[in-house]
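To start, the structure under review is shown below, and the notes come after it.
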Amino acid sequence: MAINIAAYQQIISELQPFHAQLVAVSKTKPVVDIAAFYEAGQRVFGENYVQELVEKQAVLPADITWHFIGHLQSNKVKFIAPFVHTIHAVDSLKLLQEINKQAAKHQRIIHCLLQVHIAAEETKFGLDEQELQQLLQAYAADPAAFAAVRIAGMMGMATNTTNEAQVRKEFHQLHQLFGSVKTTYFNNEAYFKELSIGMSADYPIALQEGSTMVRIGSLLFGERNYSQK
Ligand SMILES: *Cc1c(COP(=O)(O)O)cnc(C)c1O
């Protein structure tokens, strides 16, 4: 299946009234496909695998804003720290500390989103509410120890289901949690503003439930075939 520039234009226009940003998810897709969306005006791309991201970043235009959206192991942060803009799936204090350390080495500030587990499935990564509170308390106790990261918001993945009501409920709950975290831990600071929810199958619901960032892959790039990776 080929890339779909018409779908891209359509999605961009759908996002506009919501002032939401598109992260074009290009995992497993070749650089020529990314270049085609770059030509069409897209600058923000999301990848899931460290090695793949490093290889693509090296050969694609330097003004691409790279988001890492997959599960990230602490020992691999160093490979993407020189250039990554936002890491979506921060799910432990240890990972946040390592991102801070590596960002500081490069005199950079890396934006981080805290991934919260909202789906009914057991398999999806992310913090539960108690772990989220613990992480935020550690952060709030010593913000100066996190000077090279900016906690810019939160991220979640809804249950993979055709039950729209369930997806909506999960997004809604995350939006409410986002609001209370913003007040409690970030004193309503303007920089804590991103709610990364919504993928190809559920982004229209996510937008209605407060998404500021949708992560869309297959609608743009076609279905993924992992065996060809
Ligand atoms: C792959 C992926 C996406 C994009 O999924 P599509 O269904 O292809 O739009 C979004 N978010 C995360 C975390 C992903 O891993």
Side-chain angles (χ1 to χ4, degrees), residues 20-25 27 44-50 53 65-77 80-81 84-100 102-103 109-140 146 148-161 166-167 169-182 184-186 191-203 205-207 209-217:
Q21 215 186 350
L22 171 65
V23 179
V25 176
K27 63 177 178 237
V44 182
F45 292 89
E47 288 280 342
N48 289 58
Y49 308 104
V50 167
L53 171 53
T65 300
W66 290 104
H67 287 209
F68 192 85
I69 65 169
H71 181 65
L72 181 57
Q73 289 172 283
S74 296
N75 62 358
K76 293 194 174 168
V77 173
I80 59 173
V84 73
H85 181 275
T86 299
I87 296 176
H88 284 235
V90 176
D91 59 359
S92 73
L93 183 61
K94 180 173 166 242
L95 178 59
L96 187 68
Q97 287 167 331
E98 179 63 15
I99 296 169
N100 183 73
Q102 297 299 333
I109 290 177
I110 296 177
H111 291 214
C112 292
L113 306 181
L114 304 177
Q115 183 180 8
V116 179
H117 180 100
I118 56 172
E121 295 127 338
E122 275 299 320
T123 51
K124 288 184 179 162
F125 294 105
L127 301 153
D128 66 28
E129 221 173 303
Q130 194 192 342
E131 292 165 335
L132 176 71
Q133 301 287 350
Q134 285 167 353
L135 187 156
L136 286 165
Q137 279 160 17
Y139 169 79
F146 299 92
V149 290
R150 170 164 299 164
I151 300 181
M154 291 170 25
M155 177 269 211
M157 290 170 87
T159 304
N160 185 7
T161 173
Q166 172 154 5
V167 170
K169 185 184 86 191
E170 291 168 0
F171 285 155
H172 190 79
Q173 284 172 351
L174 186 60
H175 191 194
Q176 293 201 312
L177 184 59
F178 169 86
S180 73
V181 165
K182 185 176 172 81
T184 309
Y185 293 97
F186 295 93
Y191 67 78
F192 188 86
K193 64 176 195 300
E194 304 296 358
L195 186 58
S196 170
I197 51 173
M199 314 186 0
S200 290
D202 57 21
Y203 78 90
I205 304 172
L207 289 170
E209 298 302 334
S211 176
T212 67
M213 242 179 213
V214 294
R215 310 175 311 270
I216 296 182

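Everything numeric in this text was worked out from a predicted model, so none of it was measured.
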[atom2] on [Y] to [atom1] on [X], rounded to 0.5 Å:
X      : Y      : atom1 : atom2 : result
Met155 : Leu114 : CE    : CG    : 11.0 Å
His117 : Leu174 : NE2   : CG    : 11.5 Å
Gln115 : Leu127 : CD    : CG    : 7.5 Å
Leu132 : Gln137 : CG    : CD    : 9.5 Å
Arg215 : Ile197 : CZ    : CD1   : 8.5 Å
Leu207 : Asp202 : CG    : CG    : 10.0 Å

Residues passing the ring pair (Phe, Tyr, Trp, His ring centres under 6.0 Å) test with Tyr139, sequence neighbours excluded, are Phe146, Phe186

With sequence neighbours left out, what residues match Ala24 under side-chain contact (heavy atoms from CB on, under 4.5 Å)?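 Counting only residues at least two positions away or on another chain, Ala24 forms a side-chain contact (heavy atoms from CB on, under 4.5 Å) with Gln42, Phe45, Leu220, Phe221.
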
Is there a side-chain contact (heavy atoms from CB on, under 4.5 Å) between Leu72 and Ile80 once you walk through the steps? CA-CA 10 Å; Leu72 181 57; Ile80 59 173; 4.0 Å; yes

Whether over 12 other heavy atoms sit under 6.0 Å from Lys76 NZ: no

What heavy-atom pair brings [X] and [Y] nearest, and what distance separates the two atoms?
X      : Y      : result
Ala89  : Gly70  : CB-O, 3.3 Å
Thr212 : Lys193 : CG2-O, 3.5 Å
Val90  : Cys112 : CG2-CB, 3.8 Å
Gly210 : Leu195 : O-CD2, 3.6 Å
Met154 : Val116 : CE-CG2, 4.0 Å
Gly153 : Phe178 : CA-CE1, 4.2 Å

Should Phe192 and Arg150 be marked as a side-chain contact (heavy atoms from CB on, under 4.5 Å) after you check the CA-CA gap, both sets of side-chain angles, and the distance that decides it? CA-CA 8 Å; Phe192 188 86; Arg150 170 164 299 164; over 6 Å; no

By side chain to side chain donor-acceptor pair (under 3.5 Å), His88 pairs with (sequence neighbours left out) His67, Ser196

List in chain and number order the residues that pass salt bridge (Lys or Arg N to Asp or Glu O under 4.0 Å) with Glu209, two or more places apart in sequence or in another chain; answer none if no residue qualifies.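 Partners of Glu209 by the salt bridge (Lys or Arg N to Asp or Glu O under 4.0 Å) criterion, ordered by chain and then number, come out as Arg168.
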
Test Leu22 against Val44 for side-chain contact (heavy atoms from CB on, under 4.5 Å), laying out the working first. CA-CA 7 Å; Leu22 171 65; Val44 182; over 6 Å; no

Quick one: side chain to side chain donor-acceptor pair (under 3.5 Å) pairs with a partner in residues 126-135, sequence neighbours left out?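 Listed once each, the pairs are Gln133-Tyr185.
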
side-chain hydrogen bond (donor to acceptor under 3.5 Å, both in side chains) test vs Glu170 passes for just one of Gln173, His172, Gln166, namely Gln166

Does Trp66 offer a backbone N or O that forms a donor-acceptor pair with the side chain of Glu47 under 3.5 Å? no

Donor-acceptor pairs under 3.5 Å, side chain of residues 91-99 to any protein atom, not counting sequence neighbours: which ones?
residue	atom	partner	partner atom	Å
Asp91	OD2	His71	ND1	3.3
Ser92	OG	Leu95	N	3.0
Glu98	OE2	Gln102	NE2	2.8

Go through the steps to decide whether Thr86 and Val23 satisfy the test side-chain contact (heavy atoms from CB on, under 4.5 Å), and finish with yes or no. CA-CA 11 Å; Thr86 299; Val23 179; over 6 Å; no

